[in-house]
Asks: 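So that we are looking at the same thing, I have put the structure below in structure tokens.
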Amino acid sequence: MNIFNKNNGVSVRAFKGDAMTLLAFDLIPSLTDNLAGFTIRYKIKGTAFEDYIYNRMIFPDHVIIASNIPPREKNSTLYAPIQKFNWVHVPNAAIDSQIPVFGIYIYEITPRHIADNVLKPIDHSLTVTIEINVGPFEMKNTKIGFTRGFVSSVAYAKRFNVENNSVRPNETDLIFDISQKADNAKRWNNALHNYEMVPYTYEDQHKWLGWQARQRILDFLNEVITDNSLRLKVFAYDLDEPEICNRLLEITASGRLKIILDDAGDHGELDSFEDKFNILFNSRKTGNSEIVRGHYKGLAHCKTFIILDSNDKALKVLTGSTNFSTNGIYINSNHVLVFDNKKIAECYNNLFDMSFSKTKINNLKGTEPTTLDYHFEAEEIPEMTITFAPHAKADAERIFKRISDRITREGNSDVLFAIMKDNSASSILTAVQNQLKNNTVFTYGITDRINKKAEDYEVFLYKPNNINGIRVAGRGIASVLPQPFGTVPKIDGYAIHHKFIVVNFRGDNPVVYCGSSNLAFNPEQKNGDNLLEIHDDDIVTVFAIEALRLVDHFHWRNYEVNPDQERHLDDLNDKRKSWYKSWFNPSDLKSRQRQLYIK
């Protein structure tokens with residue numbers, strides 16, 4: 001979903017994401033001279049709330065003084081305009097509840113200009129107003145949720161303790177009380193007009209970091225808990241998130257849970273979290289609750305819940321890349337999808353039943369359902385094709401060729417992606433890498449490689465006058481950033497755990513490939529996985545915005561990080577290098593980005 005509006009040479013397009021909005025701007029050439037950026041004001045319809053978007057970048061002191069900018073408001077985009085032609089706005093969550101306000105947002109976007117170090121007053125005749133529903137994505141019986149994936153960020157550091165990125169009290173207790181204190185954080189006290197140290201809980205952390213994915217998962221489980229006629233089947237790889245485990249064990253005790261839990265590698269070891277869950281499951285199970293520990297030829301890598309009625313008929317399914325663990329929900333960037341459709345749910349239920357024993361899980365490769373493409377096309381659901389691994393080699397080759405051919409098809413406008421690893425043997429990943437070098441396709445993506453030292457990361461960074469695509473590393477190179485940003489928490493493990501590729505977000509026949517598959521050829525023949533190919537404009541848009549959000553964040557983190565150098569907005573004193581020049585240079589990637597989003 002996107003909405004367009006324009007006024008006096010200023011154009012704005014707003015795209016609906018999952019609990020976030022992509023705003024894209026454009027100007028006629030006569031309005032670009034001395035362009036200082038864009039002021040973004042927003043209101044929530046039906047409420048008295050209104051505010052300006054906050055910009056962590058500010059003008060240098062000489063501009064602040066000459067423009068009489070109030071010191072307390074120097075970060076408002078009223079006085080610190082956004083120096084980009086797009087912005088992903090994520091509604092801020094209340095500090096005490098971590099819950100954001102959703103509704104119809106009214107955005108007012110105004111280009112700002114500067115002359116002789118003075119920011120000119122806002123010209124309301126150039127303001128473009130646009131309304132869009134901002135909230136969790138729910139459309140065509142489909143819900144989508146993303147984790148925030150921002151432990152190593154300034155946003156986390158401002159809300160929690162910069163020295164603490166721990167999302168559990170220890171590495172031994174499977175289940176713990178999330179209401180217990182996690183740490184103290186410096187917070188502003190309006191009444192006292194100063195900062196004070198305030199305690200926060202693990203639940204505070206979890207709500208903020210888990211974002212919409214956490215809410216989708218807990219809502220799904222709560223639906224089963226509150227209706228005794230429902231049953232639940234689960235594929236789990238990692239399993240240690242305390243609230244998920246509590247809910248699964250409650251369903252277990254009521255005799256309504258069947259689960260396939262991975263036992264490969266560390267998961268099969270004594271005292272692993274998965275082993276501890278297995279012990280608790282067996283001590284509490286009643287009725288029809290059963291557990292199978294297994295791992296196909298490689299890993300039991302699906303992350304899936306299936307709700308069934310009392311007759312064992314599948315009703316709805318939750319799937320995606322998100323492991324049901326504190327790492328998967330609170331550290332990694334991940335996605336979940338919920339399909340409220342019996343036919344889609346039955347496909348996953350069939351996979352479960354065909355895997356539900358040691359013998360079945362070991363012998364599934366090369367048999368139904370791993371040999372089939374499940375295609376869905378109906379008015380009430382998005383058009384999609386689902387495949388299940390582990391595949392025989394011929395099936396893996398067939399599926400990979402179909403996807404890689406789609407990525408490299410002549411006439412594509414763009415390829416956007418977030419992939420955990422992009423250097424595995426795979427025609428799909430090779431196709432993505434090749435498109436990064438293609439001058440005719442806009443490419444923008446993020447990957448993660450934790451097997452290298454941070455300073456050795458292979459990162460393609462955007463360079464001026466370069467029209468090729470951009471790929472950045474998932475983890476920032478440094479935890480100490482230039483002022484005014486300061487220090488952010490360090491992160492262990494993957495930052496990016498997504499496995500999705502968007503093709504033609506702004507072109508013909510848009511598609512997104514997502515799910516649990518790592519998109520690598522050998523794992524696709526060994527692991528239990530699911531790969532979704534979704535042809536739906538609105539869902540493709542949601543994933544495209546997620547890719548842009550992550551690339552923009554980590555690209556900034558990786559680009560010329562110098563903690564000893566204060567970073568400011570461009571004051572336009574050097575006209576030859578003014579920030580907006582690249583956005584209108586036909587040989588520059590930024591110019592292509594501007595035109596792609598606004599068209």
Side-chain angles (χ1 to χ4, degrees), residues 171-175 217 220-221 224 231-308 312 314 317-329 348-367 369-370 388-391 515-518 523-530:
E171 294 300 322
T172 57
D173 295 336
L174 171 64
I175 298 173
I217 291 169
F220 200 91
L221 293 177
V224 179
R231 302 177 183 182
L232 184 69
K233 293 181 179 178
V234 174
F235 289 97
Y237 178 62
D238 288 341
L239 181 58
D240 62 52
E241 202 288 331
E243 291 303 292
I244 292 175
C245 289
N246 274 328
R247 284 163 171 78
L248 291 179
L249 290 170
E250 184 175 347
I251 300 168
T252 299
S254 66
R256 297 181 290 134
L257 176 66
K258 292 184 178 179
I259 179 170
I260 296 172
L261 180 57
D262 182 72
D263 67 354
D266 294 345
H267 292 168
E269 293 184 0
L270 189 67
D271 284 338
S272 66
F273 282 137
E274 291 70 30
D275 179 61
K276 291 177 179 179
F277 181 87
N278 185 42
I279 292 170
L280 288 172
F281 180 97
N282 286 319
S283 69
R284 300 187 190 183
K285 68 178 181 179
T286 65
N288 292 319
S289 291
E290 296 180 71
I291 189 168
V292 167
R293 302 295 309 278
H295 57 265
Y296 298 92
K297 299 297 182 183
L299 311 174
H301 198 245
C302 279
K303 310 95 169 43
T304 301
F305 295 152
I306 309 160
I307 291 179
L308 307 98
D312 214 31
V317 63
L318 178 150
T319 192
S321 67
T322 308
N323 283 314
F324 307 131
S325 64
T326 51
N327 198 57
I329 302 176
Y348 284 87
N349 186 40
N350 181 47
L351 174 70
F352 185 95
D353 289 346
M354 295 293 288
S355 305
F356 197 62
S357 75
K358 282 281 190 181
T359 301
K360 287 181 177 180
I361 202 169
N362 285 331
N363 296 327
L364 186 66
K365 178 180 177 178
T367 67
T370 68
F388 297 113
H391 298 295
S516 69
S517 171
N518 285 327
E524 198 71 7
Q525 299 174 69
K526 296 178 181 178
N527 295 345
D529 267 316
N530 67 112

Asks: How long is the gap from CG on Leu308 to CG on Asn349, to the nearest 0.5 Å?
Replies: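 Going from the CG atom of Leu308 to the CG atom of Asn349 covers 5.0 Å.
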Asks: Start with the C-alpha gap between Ile217 and Ile244, add the side-chain angles, then the distance that decides, and say whether side-chain contact (heavy atoms from CB on, under 4.5 Å) holds.
Replies: CA-CA 8 Å; Ile217 291 169; Ile244 292 175; 3.6 Å; yes
Asks: Answer whether the closest heavy-atom distance between the side chains of Glu290 and Asn288 falls below 4.5 Å.
Replies: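 Not in contact.
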Asks: Closest heavy-atom contact between Ile306 and Phe352?
Replies: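 Reported closest heavy-atom pair: CD1-CB, 4.2 Å.
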Asks: Let's go through Thr322 and Lys303 carefully: what are the C-alpha distance in whole Å and the side-chain angles of both, what is the deciding distance for side-chain contact (heavy atoms from CB on, under 4.5 Å) to 0.1 Å, and is it a yes or a no?
Replies: CA-CA 6 Å; Thr322 308; Lys303 310 95 169 43; 5.7 Å; no
Asks: For Phe324, run the ring pair (Phe, Tyr, Trp, His ring centres under 6.0 Å) check against Phe235, Phe273, Phe305, Phe220 and tell me which one passes.
Replies: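 So, applying the ring pair (Phe, Tyr, Trp, His ring centres under 6.0 Å) to Phe324 and each of Phe235, Phe273, Phe305, Phe220, only Phe305 qualifies.
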Asks: If you round to the nearest 0.5 Å, how far is CG of Leu248 from CG of Leu257?
Replies: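 Answer rounded to 0.5 Å: 6.0 Å.
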Asks: Check whether Arg293 reaches the backbone of His267 with its side chain - one donor and one acceptor, N or O, closer than 3.5 Å.
Replies: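 Checking the backbone N and O of His267 against the side chain of Arg293, a donor-acceptor pair under 3.5 Å is found.
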Asks: How far does CZ of Arg284 sit from OG1 of Thr252, to the nearest 0.5 angstrom?
Replies: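 Reported value, rounded in 0.5 Å steps: 8.5 Å.
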Asks: Identify the two heavy atoms, one from Thr286 and one from Ser254, that lie closest to each other, and give their separation to 0.1 Å.
Replies: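 Here Thr286 and Ser254 meet closest at OG1-C, 3.6 Å.
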Asks: Parallel, tilted or perpendicular, judged at 30° and 60°: which one describes the rings of Phe281 and Phe277?
Replies: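 It falls in the tilted class, 30° to 60°.
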Asks: Taking atom NZ of Lys276 and atom CG of Leu270, what is their separation to the nearest 0.5 Å?
Replies: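 These two atoms lie 9.5 Å from each other.
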Asks: Look at the aromatic rings of His301 and Tyr237 and report parallel, tilted or perpendicular, splitting at 30° and 60°.
Replies: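 His301 vs Tyr237 ring planes: perpendicular.
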Asks: Are Asp529 and Asn518 packed together at the side-chain level, in the sense that at least one heavy-atom pair is separated by less than 4.5 angstrom?
Replies: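 Contact flag for Asp529/Asn518 side chains = no.
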Asks: List the residues meeting side chain to side chain contact (heavy atoms under 4.5 Å, CB included) with Thr367, not counting sequence neighbours, and say none if there are none.
Replies: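 So Thr367 forms a side chain to side chain contact (heavy atoms under 4.5 Å, CB included) with Leu364.
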Asks: Shortest non-hydrogen contact from Thr326 to Asp240?
Replies: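 Scanning both residues, the minimum pair turns out to be N-OD1, 2.9 Å.
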Asks: Take Leu232 and Leu221 through the side-chain contact (heavy atoms from CB on, under 4.5 Å) test and state the conclusion after the steps.
Replies: CA-CA 8 Å; Leu232 184 69; Leu221 293 177; 3.6 Å; yes
Asks: Distance check, rounded to the nearest 0.5 Å: Asp238 atom CG versus Leu299 atom CG?
Replies: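 Output value for this atom pair is 10.0 Å.
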Asks: Is it true that, when you exclude Asn246 itself, more than 12 heavy atoms of the residues, nucleotides or ligands shown sit nearer than 6.0 Å to its CG?
Replies: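 Result for CG/Asn246: enclosed.
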Asks: What is the minimum heavy-atom distance between Glu243 and Glu241, and which atoms define it?
Replies: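 Result for this residue pair: N-OE1, 2.7 Å.
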Asks: Which pairs with one or both residues in residues 349-367 pass salt bridge (Lys or Arg N to Asp or Glu O under 4.0 Å), sequence neighbours excluded?
Replies: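 Of all non-adjacent pairs touching residues 349-367, those that pass salt bridge (Lys or Arg N to Asp or Glu O under 4.0 Å) are Lys233-Asp353, Asp263-Lys358.
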Asks: Only one of Asp262, Ile259, Asn278 clears side chain to side chain contact (heavy atoms under 4.5 Å, CB included) with Leu239; which?
Replies: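 Of the listed options, the one satisfying the test is Ile259.
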Asks: Which atom pair, heavy atoms only, marks the closest approach of Pro390 to Gly528?
Replies: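 For Pro390 and Gly528, the tightest heavy-atom pair comes out as CD-CA, 4.0 Å.
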Asks: Hey, is the main chain of Gly268 close enough, under 3.5 Å, to the side chain of Ser272 for a donor-acceptor pair?
Replies: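 Such a contact is absent between Ser272 side chain and Gly268 backbone.
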Asks: Checking Tyr348 now: which residues fulfil ring-ring contact (aromatic ring centres under 6.0 Å, His included) with it, not counting sequence neighbours?
Replies: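 Per chain and number, Tyr348 pairs via ring-ring contact (aromatic ring centres under 6.0 Å, His included) with Phe388.
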Asks: Run the side chain to side chain donor-acceptor pair (under 3.5 Å) test against Ser517 and tell me which residues pass, sequence neighbours left out.
Replies: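 Residues passing side chain to side chain donor-acceptor pair (under 3.5 Å) with Ser517: Glu524.
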Asks: For Ala389, is there any backbone N or O sitting under 3.5 Å from a side-chain donor or acceptor partner on Thr370?
Replies: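 Checked: no pair found.
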Asks: Locate the shortest heavy-atom distance separating Gly515 from Ser321; write the atom from each residue and the value.
Replies: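 Here Gly515 and Ser321 meet closest at O-CB, 3.5 Å.
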Asks: Out of curiosity, Arg231 CZ to Ser289 OG, how far, rounded to the nearest 0.5 Å?
Replies: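 Arg231 atom CZ to Ser289 atom OG measures 10.0 Å (nearest 0.5 Å).
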Asks: Take Asn530 and Ser516, measure what side chain to side chain donor-acceptor pair (under 3.5 Å) needs, and give me the verdict at the end.
Replies: CA-CA 6 Å; Asn530 67 112; Ser516 69; 3.2 Å; yes
Asks: Sequence neighbours excluded, which residues qualify as side chain to side chain donor-acceptor pair (under 3.5 Å) partners of Ser283?
Replies: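 Ser283 satisfies side chain to side chain donor-acceptor pair (under 3.5 Å) with no other residue.
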Asks: With Tyr296, which residues qualify under ring-ring contact (aromatic ring centres under 6.0 Å, His included), at least two apart?
Replies: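 With sequence neighbours excluded, Tyr296 shows a ring-ring contact (aromatic ring centres under 6.0 Å, His included) to no residue whatsoever.
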